[in-house]
Protein chains: 2
Amino acid sequence: MTKTRRATERTGVKNMGGEAGAIARLRGALPSLLPAERKVAIYVLENQETTLASSVGEVAMGAQISEATVIRFCRTAGFLGFADLKIGLARELVNPLASTLHEDVSPKDDPSTLARKVFGANIDTLNDTLNSLDPFAVDKAGEMIAHAGKTLIIGVGTSAPIAFDAYTKLMRLGIPVSLQTDAHLMMMEAALLTKNDLILVISHSGATKDPVEAVQVGRKSGGVKVVSITNNSMSPLAAVSDVTLITASRETKFRSEALASRIAQACIADLLYVTIGLKTSKRALASSRKIEDVITAKQF
Amino acid sequence: MTKTRRATERTGVKNMGGEAGAIARLRGALPSLLPAERKVAIYVLENQETTLASSVGEVAMGAQISEATVIRFCRTAGFLGFADLKIGLARELVNPLASTLHEDVSPKDDPSTLARKVFGANIDTLNDTLNSLDPFAVDKAGEMIAHAGKTLIIGVGTSAPIAFDAYTKLMRLGIPVSLQTDAHLMMMEAALLTKNDLILVISHSGATKDPVEAVQVGRKSGGVKVVSITNNSMSPLAAVSDVTLITASRETKFRSEALASRIAQACIADLLYVTIGLKTSKRALASSRKIEDVITAKQF
DNA sequence: TGTTTATGAAGAAAAACTACATCCTTCAAG
DNA sequence: CTTGAAGGATGTAGTTTTTCTTCATAAACA
């Protein structure tokens, strides 16, 4: 017990099997370690791959100290034991195969490579979008939707599924929302909106005629607010929007740009959903509880 | 030696400590394993986190077989032993501690933090799904869809937008595909399918009555093939599917699990799209060129 | 010189692994 | 169809290896 207390005092590590990454924990513990223990830490940090394949005895030999010290070190650094340290280390060591290769796909790719490329491309798209996205624009959009009398979501073609997706999300929150993916109907509904209302437009290019025209109708007749999700900040759509949320995407041969950006559009919709949910949490929680009850009845 | 030879012959695994990812190796070995060994493989695949903290005895108990079988399995699957398997597994498992931001969102989060959390959660979901996804199942599904007489895509509720999304993608490839998100219509259309046809089902829980019933109708009346995208490998849906593609998702307070998995479902649809595109590249290229021409006419 | 603390040696405990016995399954001969 | 031999699959029990603990010794400091 005395020893345990000492170790804890020295390193300040509280919960074993702790919260920080293994390597960070090793480094962080370094200054407060006893000389013999520090030897272990240094050896492990310098021989990470080797350590994974070694036993306590081998590490002890490598670090020129006793086995007991290796074990003591593991505990001091906040691991449950030597095995735990190895597991923690392994989790951080990037699997060499996992590294993203985001060149284009090829018919020669085996299924596994293909999966990594496609998922990798989508992950890159999300990262790129996150980096270029203006969080305050999202916040403002959320605020506007949360306080709008009614929100009309529109999108045609490949953007229609995303509009649909956004609709199911906002609907869940219990806010007044409607969806139109038909060019004629969206224009009709837009014409009926007032200045308390809002149109949320999804359009990759931002240049598709139908949704832009619907927006213009809404603006002219009722003075509605407009939030758009698009890949093009210079587009006609952006020009008629109060808030524009921009996606970032790279085109590849088999996945046209429009396709790649959809995942980013969906993710922005997701972010809007969470943002609005937090702003209206009482209503949102009540709504999602009601929804869950109903859904359960629909299952086996 | 005899035993080692047998194992090698059965699995075709050559280099121990091998080159493929651990999870891929486990899955790849599955079909050629003995019944008792397969139990271990299934247990490990379904309890990856638990396995990392378990001893041979605990895994044996969990999989309801002997310790010896666990060890034998490790060798058959191409690992040096149980410890090696654990290390391999740890290397692939996304370190839950590494994505510190993954905790739940809070009303106190500023817009920027919120954006990072939501995008981060979605990126994690994609990573998790990629790690647990069986690429060969995707390949097989792609093959089946590419050669099917006709593919009916179904999904209700929150899965409907994803079904819609999958529809627009496959449609682009020029393959015969239809979409039904209405419970009655999907059942009617399913009843008309023949054994050359295929149903692609999207259902997060895999337990929603309507799509499963539609699949049963299709199976009974026409003997159609079934591919499903779901989060639950043990679901009623999986039980009636020829190929099941599994998403991985973690639930958080404001983003129910069903919502989190949608991005993974969309990404799998994306992967199917690319897979099929490569298999039918001539037709696919011709189709997308035609589509691009038409779309341009719809823009400013 | 006494006390505290760091370290290692040796042995206890636990885990991983092996050898073998038993129990199936299969298949061929009666 | 039955029987039994052969071979393979699996579990039991024992062996080896590895991890961890205890305690004695050595070093540091007062």
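As a basis for the values below, the full set of heavy atoms in this structure was taken, side chains included, without hydrogen atoms, waters or symmetry mates.
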Kindly point out which of [options] is positioned nearest to the side chain of [X]?
| X | options | answer |
| --- | --- | --- |
| A:L34 | C:dA6, C:dC17, D:dT10 | C:dA6 |
| B:S55 | C:dA15, C:dT18, D:dT10 | C:dA15 |
| B:E67 | C:dC17, D:dG11, C:dG8 | C:dC17 |
| A:R75 | D:dC20, C:dA16, D:dT10 | D:dC20 |
| A:I65 | D:dT10, C:dG8, C:dC17 | C:dG8 |
| B:S66 | D:dG11, C:dA16, D:dT19 | D:dG11 |
| B:F82 | C:dC17, D:dT10, C:dT7 | C:dC17 |
| B:T69 | D:dT19, C:dA16, D:dG11 | D:dG11 |

Expressed in angstrom and rounded to an integer, what is the separation of [X] atom [atom1] from [N] atom [atom2]?
| X | N | atom1 | atom2 | answer |
| --- | --- | --- | --- | --- |
| B:I87 | C:dA16 | CD1 | P | 12 Å |
| B:K39 | D:dA9 | NZ | P | 15 Å |
| B:D84 | D:dT18 | CG | C1' | 16 Å |
| A:E37 | C:dG8 | CD | P | 10 Å |
| B:M61 | D:dG11 | CE | P | 13 Å |
| B:I71 | D:dT12 | CD1 | P | 15 Å |
| B:E58 | C:dA14 | CD | P | 12 Å |
| A:R72 | C:dG8 | CZ | P | 8 Å |

* Tell me yes or no: between the side chains of A:T113 and A:D110, is some donor less than 3.5 Å from an acceptor? =>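 On atom types as modelled, these side chains qualify, holding a pair under 3.5 Å.
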
* Can you tell which of B:S241, B:P236, B:S235 makes a side chain to side chain contact (heavy atoms under 4.5 Å, CB included) with B:T230? ->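 Among the candidates, only B:S235 passes.
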
* To do: Compare every heavy atom of B:P211 with every heavy atom of B:V201, then report the nearest pair and how far apart it is.
  =>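 Closest approach of B:V201 to B:P211, heavy atoms only: CG1-CB, 3.8 Å.
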
* Looking only at heavy atoms, what is the nearest atom pair of B:S261 and B:T247, with distance? ->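 The answer is CB-OG1, 4.0 Å.
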
* Pair B:D242 + B:R219, salt bridge at N-O below 4.0 Å ->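 Between B:R219 and B:D242 there is a salt bridge, with a charged N closer than 4.0 Å to a carboxylate O.
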
* Asked: Looking across every strand, which nucleic acid part, if any, lies under 4.0 Å from A:A68 by heavy atom: base, sugar-phosphate, or nothing?
  ->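 A:A68: base contact, heavy atoms under 4.0 Å.
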
